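The next block holds one structure in the form of structure tokens; read it before the comments.
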Amino acid sequence: QLPFVESGGGLVQPGGSLKLSCAASGATLSDYAIGWFRQAPGKGREGVSCISRSGSTTKYADSVKGRFTISRDNAKNTVYLQMNSLKPEDTGVYYCAGRPGFYTEYVTLYENGMDYWGKGTLVTVSP
């Protein structure tokens, strides 16, 4: 059973907004650094954003800085990705991934830095 479940994807027009959620299933989210990754059609998976276990440290890909915001609510066992000013190039399957560990400020945008993955949610940005 995958420990993370993504939701919130859908079809949105350019310039619009979506908020993705990553919920922990059978896992305690506060034990994990959580990252969002995406895979566009015909391309490899890339890191979008990551938040540390404490929530104090975040990291963003240059392509989404100033438009996306990652946050976490450990009481609700959920991490969010608020996506604003969406562009067609933001289209893809968005995956939530996590890495447990004792270092509370760990963040990474590398796939190999994550141990557990969700199934993904599709985001389509199109007129």
Side-chain angles (χ1 to χ4, degrees):
Q1 182 179 359
L2 298 174
F4 304 120
V5 179
E6 305 92 337
S7 62
L11 174 64
V12 63
Q13 293 186 340
S17 298
L18 280 176
K19 187 173 185 177
L20 305 183
S21 297
C22 172
S25 174
T28 302
L29 205 71
S30 58
D31 292 340
Y32 296 80
I34 299 293
W36 285 97
F37 295 75
R38 68 185 179 190
Q39 186 166 20
K43 295 188 177 181
R45 195 153 54 185
E46 64 171 345
V48 174
S49 184
C50 187
I51 188 166
S52 64
R53 286 178 55 201
S54 73
S56 297
T57 304
T58 57
K59 192 175 183 69
Y60 296 92
D62 288 342
S63 59
V64 306
K65 280 181 182 176
R67 300 188 298 123
F68 290 11
T69 303
I70 192 170
S71 62
R72 67 189 302 154
D73 186 338
N74 287 339
K76 293 184 177 180
N77 231 19
T78 304
V79 168
Y80 305 98
L81 185 68
Q82 178 67 48
M83 306 187 295
N84 298 328
S85 302
L86 283 162
K87 305 174 181 179
E89 51 264 44
D90 293 319
T91 293
V93 178
Y94 282 69
Y95 299 90
C96 172
R99 177 170 179 171
F102 66 88
Y103 181 44
T104 59
E105 302 311 317
Y106 175 88
V107 288
T108 184
L109 295 181
Y110 291 104
E111 282 188 77
N112 291 339
M114 293 294 174
D115 296 323
Y116 301 97
W117 294 80
K119 287 186 176 181
T121 185
L122 178 63
V123 172
T124 303
V125 185
S126 179

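Only a predicted model underlies this, so the values are computations on that prediction, with no experimental measurement involved.
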Y80 reachable from V123 in the ILVMFWY side-chain graph, under 4.5 Å edges = no
Is it true that W36 and L18 fall in one hydrophobic cluster, defined by side-chain heavy atoms closer than 4.5 Å?
-> yes
Between T108 and M114, is a side-chain contact (heavy atoms from CB on, under 4.5 Å) present by the stated rule, with each step listed?
-> CA-CA 8 Å; T108 184; M114 293 294 174; 3.9 Å; yes
If you measure only the distance, is there a donor-acceptor pair under 3.5 Å linking the side chains of Y95 and R45?
-> no
What's the verdict on side-chain contact (heavy atoms from CB on, under 4.5 Å) for M83 and D90, showing C-alpha distance, side-chain angles and the deciding distance?
-> CA-CA 9 Å; M83 306 187 295; D90 293 319; over 6 Å; no
Measure the spacing between OG of S54 and OH of Y103 and express it to the nearest 0.5 Å.
-> 9.5 Å
Stepwise side-chain contact (heavy atoms from CB on, under 4.5 Å) check, T104 with S52 | CA-CA 6 Å; T104 59; S52 64; over 6 Å; no
Among pairs that include at least one residue of residues 91-127, which meet disulfide bond (SG atoms under 2.5 Å apart), considering only residues two or more places apart or in two chains?
-> C22-C96
Do V107 and F68 share a hydrophobic cluster, counting only Ile, Leu, Val, Met, Phe, Trp and Tyr and linking them when any side-chain heavy atoms are less than 4.5 Å apart?
-> no
For A61, enumerate each residue passing the side-chain contact (heavy atoms from CB on, under 4.5 Å) test, keeping only those at least two apart in sequence or located in another chain.
-> S63, V64, L109
Keeping to residues at least two apart or across chains, list the side chain to side chain donor-acceptor pair (under 3.5 Å) pairs with something in residues 3-17.
-> S17-N84
When rounded to the nearest 0.5 angstrom, what distance separates CG in L29 from CZ in R72?
-> 5.0 Å
Nearest-0.5 Å distance, CD of residue E89 to NZ of residue K43 = 8.5 Å
Across all chains, not counting sequence neighbours, the ring-ring contact (aromatic ring centres under 6.0 Å, His included) partners of F37 are W117
Full working for side-chain contact (heavy atoms from CB on, under 4.5 Å) between I70 and V79 | CA-CA 7 Å; I70 192 170; V79 168; 4.0 Å; yes
Please list all pairs passing the disulfide bond (SG atoms under 2.5 Å apart) test where one or both residues lie in residues 25-63, with sequence neighbours left out.
-> none
Could you give the distance from OH (Y110) to CZ (R99), rounded to the nearest 0.5 Å?
-> 14.0 Å
With sequence neighbours excluded, what pairs up with A23 under the side-chain contact (heavy atoms from CB on, under 4.5 Å) test?
-> T78
Under 3.5 Å side-chain donor-acceptor pair for E105 and S56 = no
